[in-house]
Amino acid sequence: MNRYRSPILVMLAAVVAGAAPAAAQATALLQAAALNGNASSLTLTLDLSAPVHPVVFVLNAPRRVVVDLPGTRCAAALRLPSAAGLVAALRGAAREHGSYRLVLELRGQPDALPRVTAMGEAGDYQLQISLGATPVSASVATAPAPALAPAPAAVVLAVPAAAPAMAAPVRVVAPAHAPSGMDRDVVVAIDAGHGGEDPGASGPGGTHEKDVTLAIARALAARINNRPGMHAVLTRDSDRLIDLRERTERARAANADLFVSIHADAVRNRAITGASVYTLSDRGASSEAARWLADRENAAVMKGGVSLASVNASLASVLVDAAQSQNMGASVEAADEVLAALDRVGAIRKRLVQHAGFMVLKSPDAPSMLIETAYISNPAEERNLASRLYQERLAGAIEAGIATYFQRHPPDGTRYASTPRVTPAPVTPTVADDSGV
């Protein structure tokens, strides 16, 4: 029986009619920031030296309003305001390509979507981001975001550099197959590295990486399928070679909520041991975003049914960037849970989640990680990797980390989302979330 699996990312893009093209590369200076509000509303006011086309979107678990300011740098003397009322935390950071990101972490799960108002001109330019019932100056018209319930995983708003004279109509680009009241399984795509004529790395005793990864992947899939509310999909279930791009396409076809690629590392120094976990680097994300945008004319479709061919180039760029920003942050959180679980099984080579541009991590649709389970070049770890018992232990640790992640961050429409969430213990993060969210 075919069952539709709703996407982890449900995205709406609201574009103000008649908006100017994307801002030029000239750098604007963020000179001041002020935060006003109460327990149910907020207004963030930003003073800038030049007009900026901001990108504003909302993320869940926890609920956050993210404000990206392209072509903007922060003044050296700028001090961000303290969190208050609806805002539990406010932080900012410079990002690649000369942009600056502000993140407002909210208390609770307010359903309202942000409103963005632009006013002034070069030399005296101001942006206001409002949420809730806080009134904005009556002399400035705003383009309100469309009402939505329940709140999506991410909402993207692209606004013009200056407010129009009157409220502009909003064009909504919505997923073609938006789910409604579903109770589906969380889908995990498991990718056994290498295969067929590509054996991968080989140990001193002749053990091939392709065989080890397939055994671990099968054990992991069995454990996930035995857990209520979760379902596993294998990108390969036999000894054959599958193109790297096809592996991610198979995960997309299955509407996977998480992509996990299993590998075993090798180096010349046979004394090196331990596991490592990787997520996509910023450089890898940038190159993949460029590929998706280049494929617009080939009707590339984002998860959830949003066709990039049906929107203009500026909006397509916003959609891909927002999807990648969310997924890179979620990837780090999921990878951190898996790395912590692996630490209870065997040696860990790198105790922080690493970042690289591996091809299989480049899908903008779902969080992805690549696990180097051990060093097959080390004789002792080769024996472990060839052992059915150790393979099961590795699979058990990976499955435990995945389950903990989804208990804390359940995708909308899943059975995990309808059960009480696990409240994370107050710990110091072991890795910086380089997505900036």
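This structure is a prediction, so every number in the text was calculated from the model and none was measured.
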Flag, side chain of Arg250 to backbone of Thr235, donor-acceptor distance under 3.5 Å: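 Yes; judged by distance alone, with no hydrogens or angles, the pair exists.
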Over all atoms of both residues, closest heavy-atom pair of [X] and [Y]:
| X | Y | value |
| --- | --- | --- |
| Val186 | Pro411 | CG2-CD, 3.9 Å |
| Ala264 | Glu209 | N-OE2, 2.9 Å |
| Asp183 | Arg415 | OD1-CG, 2.6 Å |
| Ala356 | Tyr278 | CB-CD2, 3.9 Å |

Candidate pair Lys350 and Glu372, rule salt bridge (Lys or Arg N to Asp or Glu O under 4.0 Å), full reasoning: CA-CA 10 Å; Lys350 297 175 180 177; Glu372 297 283 7; over 6 Å; no
Salt bridge (Lys or Arg N to Asp or Glu O under 4.0 Å) assessment of Asp237 paired with Arg218: CA-CA 8 Å; Asp237 194 18; Arg218 285 172 171 169; 2.8 Å; yes
Any non-hydrogen side-chain atom of [X] less than 4.5 Å from a side-chain atom of [Y]?
| X | Y | result |
| --- | --- | --- |
| Arg91 | Arg101 | no |
| Val338 | Ile402 | yes |
| Leu86 | Asn38 | no |
| Val52 | Leu30 | no |
| Arg115 | Gln128 | no |
| Val87 | Glu105 | no |
| Thr207 | Ile376 | yes |
| Leu44 | Leu104 | yes |

His194 ring center within less than 6.0 Å of His208 ring center: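 No, too far apart.
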Please tell me whether [X] and [Y] have a donor and an acceptor in their side chains that are separated by less than 3.5 angstrom.
| X | Y | value |
| --- | --- | --- |
| Gln354 | Ser276 | no |
| Gln126 | Asp47 | yes |
| Asn384 | Ser387 | no |

N-O pairing of Arg388 and Glu392 below 4.0 Å: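 A salt bridge is present here (some side-chain N lies under 4.0 Å from a carboxylate O).
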Verdict with reasoning, Glu399 to Arg227, per salt bridge (Lys or Arg N to Asp or Glu O under 4.0 Å): CA-CA 9 Å; Glu399 184 259 351; Arg227 181 180 284 269; 2.5 Å; yes
Test side-chain contact (heavy atoms from CB on, under 4.5 Å) applied to Leu361 and Thr248, step by step: CA-CA 8 Å; Leu361 299 178; Thr248 60; over 6 Å; no
